[in-house]
Q: 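My questions all concern the structure below.
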Amino acid sequence: RQMCIRDRTGDEKKGMAERLLRSAGQGDIAAVEPLIADDFVLEQMVRRPEGDYSAAGTRYDRATYLALLGHVRALTE
């Protein structure tokens, strides 16, 4: 059983975040899969002129995000 993110140290969380960003940027689905939960959701945010943030309308669940990474990989090869 995988350790819950709440039980990890700050350095462990930072390392996981760095691996996630690096792996996602390369379209490495195999490296990203174990780093995201089954209920993973990525919602893109934009900064409004007033200085606060709001949803940009683009929302990815786990399956859609992993499919997107397949396209990233194709573009970076």
Side-chain angles (χ1 to χ4, degrees):
R1 186 169 183 255
Q2 205 171 20
M3 183 189 291
C4 180
I5 191 77
R6 287 186 298 265
D7 299 329
R8 296 188 183 270
T9 67
D11 285 341
E12 288 173 322
K13 291 175 187 178
K14 182 179 177 181
M16 290 174 71
E18 289 171 346
R19 282 194 308 278
L20 175 61
L21 291 173
R22 186 173 40 256
S23 299
Q26 296 170 350
D28 187 347
I29 296 169
V32 170
E33 279 186 298
L35 295 172
I36 60 176
D38 292 339
D39 61 351
F40 172 86
V41 173
L42 172 69
E43 186 170 12
Q44 292 184 326
M45 304 296 283
V46 294
R47 187 172 188 177
R48 296 194 327 224
E50 306 86 57
D52 56 343
Y53 293 85
S54 63
T58 306
R59 186 176 166 95
Y60 302 95
D61 62 14
R62 188 177 201 275
T64 306
Y65 183 68
L66 293 172
L68 173 67
L69 294 184
H71 296 292
V72 170
R73 183 171 201 90
L75 290 171
T76 59
E77 287 183 329

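What you see is a predicted model; the values in this text were computed from it and never measured. Along the sequence shown, the residues carry numbers beginning at 1.
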Q: Applying salt bridge (Lys or Arg N to Asp or Glu O under 4.0 Å), which residue pairs with at least one partner in residues 63-76 are found, sequence neighbours left out?
A: R73-E77
Q: With sequence neighbours excluded, give me every ring pair (Phe, Tyr, Trp, His ring centres under 6.0 Å) pair touching residues 10-34.
A: none
Q: For R22, enumerate each residue passing the salt bridge (charged side-chain N to carboxylate O under 4.0 Å, His left out) test, keeping only those at least two apart in sequence or located in another chain.
A: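 Applying salt bridge (charged side-chain N to carboxylate O under 4.0 Å, His left out) to R22 gives none.
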Q: Measuring from T64:OG1 to L69:CG, what's the distance to the nearest 0.5 Å?
A: 11.0 Å
Q: Using side chain to side chain contact (heavy atoms under 4.5 Å, CB included) as the criterion, list what pairs up with K14, not counting sequence neighbours.
A: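 With sequence neighbours excluded, K14 shows a side chain to side chain contact (heavy atoms under 4.5 Å, CB included) to E18, given in chain and number order.
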Q: To the nearest 0.5 Å, tell me how far H71 NE2 sits from L66 CG.
A: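 Nearest 0.5 Å value for the NE2-CG distance: 11.5 Å.
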Q: Output, in order, the C-alpha distance, side-chain angles, deciding distance and verdict of side-chain contact (heavy atoms from CB on, under 4.5 Å) for Y60 and E43.
A: CA-CA 6 Å; Y60 302 95; E43 186 170 12; over 6 Å; no
Q: Return the set of residues passing ring pair (Phe, Tyr, Trp, His ring centres under 6.0 Å) with F40 (not counting sequence neighbours), or none when no residue passes.
A: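 Only Y65 meet the ring pair (Phe, Tyr, Trp, His ring centres under 6.0 Å) criterion with F40.
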Q: Name each donor-acceptor pair under 3.5 Å that joins a side chain in residues 25-38 to protein atoms two or more places apart or in another chain, with its distance.
A:
{"from": "D28", "atom 1": "OD1", "to": "A30", "atom 2": "N", "distance (Å)": "3.4"}
{"from": "D28", "atom 1": "OD1", "to": "A31", "atom 2": "N", "distance (Å)": "3.2"}

Q: Closest heavy-atom contact between E12 and R8?
A: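 That would be OE1-CA, 3.2 Å.
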